[in-house]
Amino acid sequence: SDLDELRRLGLTYGSSDANFVLIDFGARHRAIRDLLAERGILVRDRDYEISGNVRFTVGTLAQTRTLIRELRRAVHQLAQKDGFPRGASR
């Protein structure tokens, strides 16, 4: 499942019965938001409500696959730079 992919990426997220999921990126929430925006994927930075969290809205299967692919790329890009997600702690 898509949530399994988030776990494989080492990401922490909250459970949800809604059409969105909150993922905790810690201090890298802005970097993830910006990297995804550069790739045409808009997410909501919810750091002002829940520190380090970004909100991802669930769309169609094709949109979700694109999101997972680009999220994987962004996480790997940050991992090469500074060890993310292990370095995600505040």
Side-chain angles (χ1 to χ4, degrees):
S1 79
D2 299 318
L3 293 178
D4 290 333
E5 183 61 28
L6 298 178
R7 280 191 285 277
R8 280 192 286 279
L9 290 171
L11 301 175
T12 302
Y13 56 90
S15 63
S16 176
D17 292 326
N19 68 335
F20 64 87
V21 63
L22 289 171
I23 302 176
D24 185 358
F25 291 101
R28 285 137 187 99
H29 63 95
R30 285 185 190 92
I32 287 289
R33 178 201 63 200
D34 294 347
L35 285 170
L36 291 174
E38 289 172 9
R39 296 174 171 120
I41 297 174
L42 302 180
V43 296
R44 296 187 184 270
D45 184 345
R46 305 307 279 193
D47 181 64
Y48 64 92
E49 290 180 312
I50 305 170
S51 182
N53 276 251
V54 175
R55 176 181 160 164
F56 293 82
T57 301
V58 177
T60 66
L61 181 58
Q63 290 168 331
T64 301
R65 287 181 177 160
T66 298
L67 170 63
I68 294 293
R69 182 187 68 235
E70 296 304 327
L71 183 57
R72 186 182 309 118
R73 287 179 60 205
V75 167
H76 288 303
Q77 185 175 340
L78 287 177
Q80 290 175 349
K81 182 177 177 183
D82 64 7
F84 178 86
R86 286 181 304 281
S89 61
R90 289 163 191 78

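Predicted model only: the values in this text are computed from it and were never measured.
- One finds the CZ atom of Phe56 at 8.0 Å from the CG atom of Leu11 (value rounded to the nearest 0.5 Å).
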### Task
Check the pair Phe25, Arg30 against side-chain contact (heavy atoms from CB on, under 4.5 Å), reporting the backbone distance first and the verdict last.
CA-CA 9 Å; Phe25 291 101; Arg30 285 185 190 92; over 6 Å; no
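- Considering only heavy atoms from C-beta on, Arg7 comes within 4.5 Å of Asp4 through its side chain.
- Listed by first then second residue, pairs satisfying salt bridge (Lys or Arg N to Asp or Glu O under 4.0 Å) with a partner in residues 46-57 read Arg46-Glu49, not counting sequence neighbours.
- Thr60 meets the side-chain contact (heavy atoms from CB on, under 4.5 Å) test with Ala62, Gln63; sequence neighbours excluded.
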#### Entry: Verdict with supporting geometry, Leu71 and Ile41, side-chain contact (heavy atoms from CB on, under 4.5 Å)
CA-CA 9 Å; Leu71 183 57; Ile41 297 174; over 6 Å; no
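- Distance check: His76 NE2 to Leu78 CG gives 11.0 Å after rounding to the nearest 0.5 Å.
- Residues Val58 and Leu36 do not share a hydrophobic cluster, defined by chaining ILVMFWY side chains whose heavy atoms lie under 4.5 Å apart.
- Applying the side-chain hydrogen bond (donor to acceptor under 3.5 Å, both in side chains) criterion to Arg72, with sequence neighbours excluded, gives Glu5.
- Separation of atoms NZ (Lys81) and CZ (Arg28) is listed at 9.0 Å; rounding is to 0.5 Å.
- The minimum heavy-atom distance linking Val21 with Gly14 is given by the pair CG2-O, 3.6 Å.
- Checked against salt bridge (Lys or Arg N to Asp or Glu O under 4.0 Å), Arg44 has no partners two or more places apart in sequence or in another chain.
- Every residue meeting the side-chain hydrogen bond (donor to acceptor under 3.5 Å, both in side chains) condition with Arg33, not counting sequence neighbours, appears here in chain and number order: Asp45.
- The line from CD1 of Ile50 to NE2 of His29 is 12.5 Å long, rounded to the nearest 0.5 Å.
- Here Arg39 pairs with Glu70 under the salt bridge (Lys or Arg N to Asp or Glu O under 4.0 Å) rule; sequence neighbours left out.
- For the pair Asp34 (side chain) and Ile32 (backbone), a donor-acceptor distance under 3.5 Å is absent.
- The two residues Ala37 and Leu42 make their nearest non-hydrogen contact at CB-CD2, 4.4 Å.
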